[in-house]
Amino acid sequence: MAPRLPIYLDHHATTPLDPRALEAMDPYLKQDFGNAASTSHVYGWRAARAVEGARESIAASLGAETREVVFTSGATEANNLALIGSARARRAHGRRRVVTLATEHPSVLDPARALADEGFDVRVVGVGRDGLVDIRALRAEVDDGCALVSAMAANNEIGVLQPIDEIGAIAREHGAWFHSDAAQAAGRLALRFDAQPLDLLSVSAHKFYGPKGVGCLLVRARRTRVRPQPILHGGGHEGGLRSGTLPVALIVGMARALEIAVSEREAENRRLAALRDRLLARLESELPGVHLNGHRERRLAANLNVSFEGVDAQKLLLALPGLALSTGSACSSAKTAPSHVLLAIGLPEPLARASLRFGLGRGTTAEQVESAADRVVAAVRSLR
Ligand SMILES: *Cc1c(COP(=O)(O)O)cnc(C)c1O
């Protein structure tokens, strides 16, 4: 049977809601609508109990303590809180430097730019051709005046996995807090907040089959005291770190989706890596001038980012109405500039403008992968 069209291959942008997460959310969208901060009646108590249950579950899934989970509207907000909040909190202690990577998501790079405007000393470290951090360059930028180092666990365009344990250890040596954007990593990689040198970790539910509009920032409460300044002021929710009424149903859905993603992670990664490798093998064997972007092994199981020599990716997308995929990050693909990630790995501009990002996911089947390969091969041939 031919797969239903268009075939969804944009799981880095977002994932569909797991029906089991929706089921867990359902009561909190209906009869149990209370405000978790209402302490004087049973509606509030029920909501608070649901939030605290979800907090325990999320903490357990990520190897954190319940008090380390700060709910946010998603990873964009968590990244802003981590960068801006940490830099401002540490300025008084003479720490004015913030170090991050050239391939970070805009929700890290833009707050870093805003911090530079506030007078912070922001250093953006480059990466190699394979997308991995230049660890010597990083070491050279991290000193005792460093407030924060921020390096993503997994890249949203080229899927590359940064050596976060090594980067965190360098930050630790200098008393800098270490933040990692784990929006693409949570539920896909084995992350243990307690066992890794992480001080702050950003998570987004809609990247692991949870609902959109919710996420969290893990904030270390053990050993080192990590305490960013809040960027949202108000009722003092979430230990004063993030004011605003909690979206109970979204939080419950996020916890359930993460439990499922973690429990199915290893089997799903094996399945997706095999499909991804099959797709790449077909593209590389059936078309000349195909370049894989990012490290061949150190990448997310479901990610493929490929440049097709001599082809404009925008035109290629138009020639592929049967595929739902993108040229790069959803956040910047509306812009016409080539991907900052592809430029950072040293790709010449024509090749950076010739690349597609394939993001496989839970709904992806072998039939879909064969159909996608047929379509891409035919479209590239006809455009050339
Ligand atoms: C999706 C994504 C974000 C933004 O997360 P939202 O919850 O959509 O705000 C941040 N960083 C990375 C790496 C992402 O993939």
Side-chain angles (χ1 to χ4, degrees), residues 8-17 21 58 62 69-84 100-114 127 131-133 150-162 164 167 179-189 191 198 200-218 231-232 242 244 246-247 250-251 253-255 257-258 261 293-294 298-305 325-334 339-342 344-345 357-361:
Y8 189 73
L9 290 173
D10 207 8
H11 289 85
H12 300 293
T14 195
T15 57
L17 183 61
I58 290 164
L62 297 172
V69 178
V70 175
F71 289 115
T72 65
S73 60
T76 296
E77 186 191 332
N79 288 342
N80 273 265
L81 175 56
L83 270 92
I84 296 173
T100 189
L101 309 186
T103 50
E104 292 294 311
H105 190 268
S107 60
V108 165
L109 290 175
D110 284 353
R113 256 171 234 129
V127 300
L132 287 166
V133 60
S150 180
M152 69 202 324
N155 187 270
N156 51 299
E157 293 190 37
I158 55 176
V160 167
L161 313 181
Q162 295 296 350
I164 55 172
I167 300 171
H179 166 252
S180 187
D181 175 355
Q184 294 291 337
R188 296 198 173 88
L189 302 182
L191 288 173
L198 293 161
L200 300 142
L201 190 82
S202 298
V203 169
S204 173
H206 76 96
K207 301 294 174 72
F208 50 76
Y209 307 87
K212 292 171 193 40
V214 69
C216 66
L217 180 66
L218 298 186
I231 51 176
L232 287 183
R242 200 279 190 175
L246 292 174
L250 299 183
I251 286 169
M254 164 160 142
L258 187 57
N293 297 315
R298 290 193 49 96
R299 65 192 306 134
L300 290 167
N303 170 276
L304 206 56
N305 189 304
L325 79 174
S326 72
T327 57
S329 66
C331 338
S332 51
S333 59
S339 150
H340 73 283
V341 172
L342 297 180
I345 65 171
R357 175 184 69 174
F358 299 86
L360 284 59

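Ligands are counted one by one from 1 in listed order, and the atoms in each one are counted from 1 as well.
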Roughly how far apart are [X] [atom1] and [Y] [atom2], rounded to 0.5 Å?
X	Y	atom1	atom2	answer
E104	N79	CD	CG	8.0 Å
F358	N303	CZ	CG	10.5 Å
E157	R357	CD	CZ	6.5 Å
T15	D10	OG1	CG	11.0 Å

Taking non-hydrogen atoms only, is [X] closer than 4.0 angstrom to ligand 1 via side chain, backbone, both or neither?
X	result
D181	side chain
K207	side chain
A75	both

For this session: Measure the distances from the heavy atoms of H206 to every atom of ligand 1 and state whether one is below 4.0 angstrom.
Result: yes
[X] N/O under 3.5 Å from ligand 1 N/O:
X	result
Q184	yes
T76	yes
H12	no

For this session: Quickly, which of L101, T100, T103 forms a side-chain contact (heavy atoms from CB on, under 4.5 Å) with V108? Name it, please.
Result: T100
Exercise. Which atoms of ligand 1 sit under 4.0 Å from any heavy atom of G74?
Worked result: 7 (O)
Exercise. Against heavy atoms of S107, which atoms of ligand 1 measure under 4.0 Å?
Worked result: 10 (C)
Problem set entry | Non-hydrogen atoms of A153 and I164 that approach each other most closely | CA-CG2, 3.9 Å
Exercise. Tell me, do Q162 and V127 make a side-chain contact under 4.5 Å, heavy atoms counted?
Worked result: yes
